[in-house]
Structure formats: C-alpha cells, structure tokens
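A short write-up of the structure that comes next.
The sequence lines fix the lettering, A, B, ..., with proteins before strands; numbering per chain opens at 1. Atom set for the values below is all heavy atoms of this structure, side chains included, hydrogens, waters and symmetry mates excluded.
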2 protein chains.
Amino acid sequence: MDHAKSAQTKALVLETALAMFRSKGFAKTTMRAIATEAGVSLGSAYYYFASKDELVLELYRESVAEQRVRATTALVGTTGLSDRLKAAVHSGLDALGPYHHFGGAFIASALPPQSAVNPFGEASRQARGDAVAIFEEVIDGTKVPAFLRPQLPELLWLAYMGVVLFWVYDRSGDQRRTRMLIDGAAPLIAKLVSISRLPVVRPLVEEALALKARVQA
Amino acid sequence: MDHAKSAQTKALVLETALAMFRSKGFAKTTMRAIATEAGVSLGSAYYYFASKDELVLELYRESVAEQRVRATTALVGTTGLSDRLKAAVHSGLDALGPYHHFGGAFIASALPPQSAVNPFGEASRQARGDAVAIFEEVIDGTKVPAFLRPQLPELLWLAYMGVVLFWVYDRSGDQRRTRMLIDGAAPLIAKLVSISRLPVVRPLVEEALALKARVQA
DNA sequence: GATATTATTTGAACACGTTCAAAAAGCGTG
DNA sequence: CACGCTTTTTGAACGTGTTCAAATAATATC
C-alpha cells in the first residue's frame, strides 16, 4: 500500500519533473523524458501521477508552502497593512520565480474548471486554504473594520490571483512591472480598507460583500 | 491569391468547426473530424487555419461582433451607467452562451501569453479594440468625471474579462449566478464612479489610474 | 516455505495536434 | 493550346499525453 520504496520512487519522479520544468520549461519537458531521467518506465511515471497536470498541482502545492515559509519570515516585525501585504505578495512571486517562463503553460493547465490543478477547484482546496491563511496572518494585528475582517483574507487572495495572472504576462526584466504593481497597489488597498468605515464608502463596501456572499457557491 | 473558391472553403471549414464545437464541445471535436465533416482533407484544414487555437480566435472575433450587435440594440433608450453596463455585459454573455460548456478549454487556449488567441495579445488587438469600443458606447451620454473618462472603457473591459472568467466557472443552471453578479455589480460600479469625485475617494482613484498607467506597456 | 494476493513496472498501442514533401488544380502569358 | 508559376489539396509521418493488459516484484496468509 504505502511502502517506503514506493514513496521514494514517487518523490524521485516528482523532483526530476520539477527540475526539468525549471531548466527546460513545461512544454518541452515530456513525460517520456521525465521517466527516462528518473530511471523508470513511462508507465511507472503514470502509475504515480495520473497526468502531467498532476505534476503541476504538486508544483502549486510546493510553491504555496514555499510562499508560506518566506512570508512568515518577512512578516516578522513588519507592521501596517500595506507593508504586510507587500511582504506576503512578494513572497509568493519569489516562490514562483523559477517557474516564470512556463507560466503560460501553467495557466493553461491550471485554469480550466475541470482541471485537477484549478486553484478554485476541489483538488486544490488544501493549498488554497493555506494560501488564504497567509492573508489571515497578514491582517492579524492590523486595524481592519470588523465588518470587513472575515471576508478580507479571501478577497486579498483573489486579488493576489490577479497579480499572479499579471505576473504571468509580465515580460519586463525580472518582472519589474509586477513588482511595481504590488508596491503601488498595496498602499491603495490599505487606504481603501481604512476609509471603508466612512459613511460614503461603507454602504458600497457592505453591498459588495453582500453580493459576494450571494453569488458564491 | 484570394480566389472566391478559397474563401468559401475557408468559411466552410470554420463554420463546420464552430458548429461541432457547439454540439460536441471543444476537446471532443478533433481536427480530423472537422476536416471529414467539411469534406476536405486534414492537411487542407491546416492550410487555412494554422492551429486549432486559430479557430478559437475566429470564435472570439465572432462573439465580439455578435456582442456588439446585441449591445447596440440593447443600449438604445437605455439610460444611466448601471443599466447601460448591464446591457453591454449581458449582451456579451448572450453571445458566448452556446459555447459555455467548453469555456474551460477556451480559457486554456486563450490565456497562455504565447497563444495566438490570448485576448491581451497582438493577434486579438482588433477584437479587443472592438470590445473596448462597446464600453465607450456604454459611457457615452452618461455622467462620468472627466479625469476618469479616458481610462474607464478599458477598465470596464478588464472587469468584463473577470466576469467572463467567473462565467466559465459558473456551474449553476443557465449561469444564473453570473447574471446575479452582473446585476449586483453594475449599480456598485455606477455608484463608485459617481462618488469618485468626492474628496475622500478621488485621490485614491487618481492614484489607481496613475498606477495603471505606470505599470502598463 | 509455499501459495495467494496485492503493488508495482513495463512498453506497446491509441488518438490527438501538427508538419511536410509531393501531387493536383488553377491561373496568366506566349 | 502549351508552358511555367502559384495556390490548394492530400495523406503519410512525427512526437505527444495517455491507457492498458500483461509481467514482475513484494507482501500477506497459511
């Protein structure tokens, strides 16, 4: 069932795959090449990973874990919503960094609703929860209006997904423009949160939250 | 070069493909099946369309044209930003309606940056311009603060892309939830536009516009 | 230790999107 | 009509992700 040898082989295939993804890109890394490089047969690779996409799901999981580690460190001693947001989001992109050049392929296999890798879907529930938890950590210890607090982490995660999408398209060196976007958007979001209790703004925000709840699931 | 016969064959292949996409879905419609159904050889289909994705690009173009027709009609006699927004966006989804069940595949081939079908890319510049123009038509004759007006159509188009993404994931009957989202979000956006001149909000909006400009291209 | 059961491995085979060299058809020019 | 040139058509071939029945190895049961 769950022998040590088996787990070891699975890990070997996965690590070989991720290494090849990084060095050759996603499209150019064939399942046959992964199998050969890992010293197993093609069928064996498929015994452990039902599809090439499933390898991407592992990549997603690993990157979230990596983001979490980086974010936790970066958040220590960082105060204020704006800076804490920056820390979390920059951490995410740092973790994804090595995979930028096949971001397109990543999106192609990740976004289709029926895909196992779809970040909104069932299979990635855990990873998504972990990612949202990072934003819970971000707002912990910051001043956020109570009516906004429960929904905020998920909204921030959603915005983060948007940033990742932007990042995938970003062809500037070192994805400089995405970094600019983050540094510009973080204070804006912090400001928006802070004015959200004002009488002119609050009804709008509350209506938006209600809409989100109404439309969900 | 551009013989009538040739154009006719091309149109035949395209229409056969779109019809099969609608009836069987994208993934299950193979290039071989399209060719057979259209009565041409596989190589001929590829002579006219360099890839399966290119057929999707045509679909995108057609759907934008269709949206434009529907929106223009729906906008006649419709006043107020909120209602005009609803008209335009509902028109878009009406046009896309028959293709909902392969929205996932659509996204998979549309979003990768290197894809010919990518709505942000070069190949779809024209179709994108047409789509943005619809939102120009939407705000024509509505009250929009001058500092916001030039950028607004593109922002609305971007939001519309978000709605389409939501729609692709929407598994409720007749995509009811997406319709709710539109009807809920349109008045919110209209409200946001109207309060954007207020002293507390305006600096935030201006800063966001500046960020958009800074980060673009 | 022998045998049955389960887990793992294998590589051939399938269908697909795509490419390509060669054939066929269409066209203009003398 | 005959000749060259371009446009169009063809189907075999390639490499891909994926499936699967059969073979092998590992483990459990007696």
Shortest non-hydrogen pair, A/Ile182 vs A/Val163, comes out as CG1-CG1, 4.1 Å
Here the pair of heavy atoms bringing A/Arg22 nearest to A/His101 is O-NE2, 3.0 Å
Original post:
When you check the gap from the basic side-chain N to the acidic O, do A/Glu207 and A/Arg214 get nearer than 4.0 Å?
Top reply: yes
B/Gln8 atom CD is separated from D/dT7 atom C1', nearest whole Å, by 16 Å
Scanning both residues in full, the closest heavy-atom pair of B/Met20 with B/Ile34 reads SD-CA, 3.9 Å
Per-nt protein contacts along nucleotides 13-22 of chain C (heavy atom under 4.0 Å; B base, S backbone sugar-phosphate only, - none) come out as B--BBBB---
Q. Is any side-chain nitrogen or oxygen of A/Ser44 closer than 4.0 Å to OP1 or OP2 of C/dT10?
A. yes
Rounded to the nearest 0.5 Å, the CZ atom of A/Arg68 sits from the CG atom of A/Asp130 at a distance of 5.0 Å
From OH of B/Tyr47 across to C1' of C/dA25 the rounded distance in Å is 12 Å
Touch check for A/Phe49, heavy atoms < 4.0 angstrom, all strands: base, sugar-phosphate only, or nothing? nothing
Q) Would you say B/Ser6 reaches D/dT8's phosphate, i.e. side-chain N/O to OP1/OP2 under 4.0 Å? A) yes
Using only side-chain N and O atoms of B/Ser41, determine if any of them is under 4.0 Å from OP1 or OP2 of D/dT9. no
Aromatic ring proximity, centroids under 6.0 angstrom, A/Trp167 and A/Tyr99: no
